[in-house]
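Worksheet: one structure, shown below.
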Amino acid sequence: MAKILVLHGPNLNLLGTREPEVYGRSTLADIDGGLTAAAKSAGHELQTFQSNAEHALIERIHAASAEGMAWIVINPGAYTHTSIALRDALAGVAIPFVEVHLSNIQAREAFRQHSYFSDIAFGVISGFGAESYALALDFILRRLASH
Ligand code: DQA
């Protein structure tokens, strides 16, 4: 049994009603529910955490290390493009992570095309809507099964 942590950054609590033409109509509860069930049926434990506060996300990452989390899936939201502190937290705990975005950030405004996370991520999944999270988890579950 492995532990997997899914982190959602700022404004992702508004999913479902926030710019649905960009981010889709799934709510955060829909996404978290699907991920939790998929991990459980594969015999693993998945926890989820959303915050609009940078420090809270950083503290959750620090705690993940002590809790023995094997993988992190993170959608840093707008912190993707601004937060060296969040990047340093992930580098500091050295837990492998997958960076996820609902939208294809490379196809959007110039300020969204740079990520402080991608070069230290295990991989990046961007542009598949809520499915981006499911694809990231699928990869992690397959990887856990084969290692
Ligand atoms: C996002 C893309 C970011 O640019 C934006 O600030 C978000 C969501 C995405 O999932 O597509 O909040 O990370």
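In this chain, numbering begins with 1 at the start of the sequence shown. Predicted model, so just to flag it, every value in this text is computed and none were measured. Indexing begins at 1, ligand by ligand and atom by atom, following the structure's order.
For the side-chain hydrogen bond (donor to acceptor under 3.5 Å, both in side chains) test with His8, the passing option among Asn52, Asn13, Asp32 is Asp32; the others fail. Remark: of the listed residues Ile72, Val73, Thr36, Val73 is the sole one forming a side-chain contact (heavy atoms from CB on, under 4.5 Å) with Val6. Just one residue in the list Leu141, Ile140, Leu137, Leu5 forms a side-chain contact (heavy atoms from CB on, under 4.5 Å) with Leu46, and that residue is Leu137.
A distance of 8.0 Å separates CG of Leu14 from CD of Gln50, quoted to the nearest 0.5 Å. Atom OG1 in Thr80 sits 9.5 Å away from atom CZ in Arg112 (nearest 0.5 Å).
With a 4.0 Å heavy-atom cut-off, ligand 1 is reached by no atom of Glu99. Using a 4.0 Å cut-off between heavy atoms, Ile105 contacts ligand 1 through its side chain alone, with no backbone atom that close. Contact annotation: for Leu102 versus ligand 1, heavy atoms closer than 4.0 Å belong to both the backbone and the side chain. Counting heavy atoms closer than 4.0 Å to ligand 1, residue Arg112 contributes side-chain atoms (C-beta onward) but none from N, CA, C or O.
Ser83 and Phe117 make their closest contact through O-CZ, 3.9 Å (heavy atoms, listed as atom of the first residue, atom of the second, distance).
The number of heavy-atom neighbours closer than 6.0 Å to CD of Glu45, taken from other residues, nucleotides and ligands shown, is above 12.
The protein non-hydrogen atom at the shortest distance from atom 11 (O) of ligand 1 is Ser103 OG, 2.5 Å. Looking at atom 3 (C) of ligand 1, its nearest protein heavy atom turns out to be His81 NE2, 3.5 Å. At the top of the distance list for atom 1 (C) of ligand 1, counting protein heavy atoms only, stands His101 ND1, 3.7 Å.
For the ligand labelled ligand 1, residue Tyr23 lies inside the 4.0 Å heavy-atom shell. Residue contact annotation: Glu19 has no non-hydrogen atom under 4.0 Å from ligand 1.
Contact atoms of ligand 1 toward Arg18: 7 (C), 12 (O) (distance under 4.0 Å to a heavy atom of the residue).
Here's the thing with Ala78: one of its N/O atoms is less than 3.5 angstrom from an N/O atom of ligand 1. Below 3.5 Å of separation, one finds an N or O of Asn75 facing an N or O of ligand 1.
A side-chain donor from one of Ser103 and Arg108 sits under 3.5 Å from a side-chain acceptor of the other.
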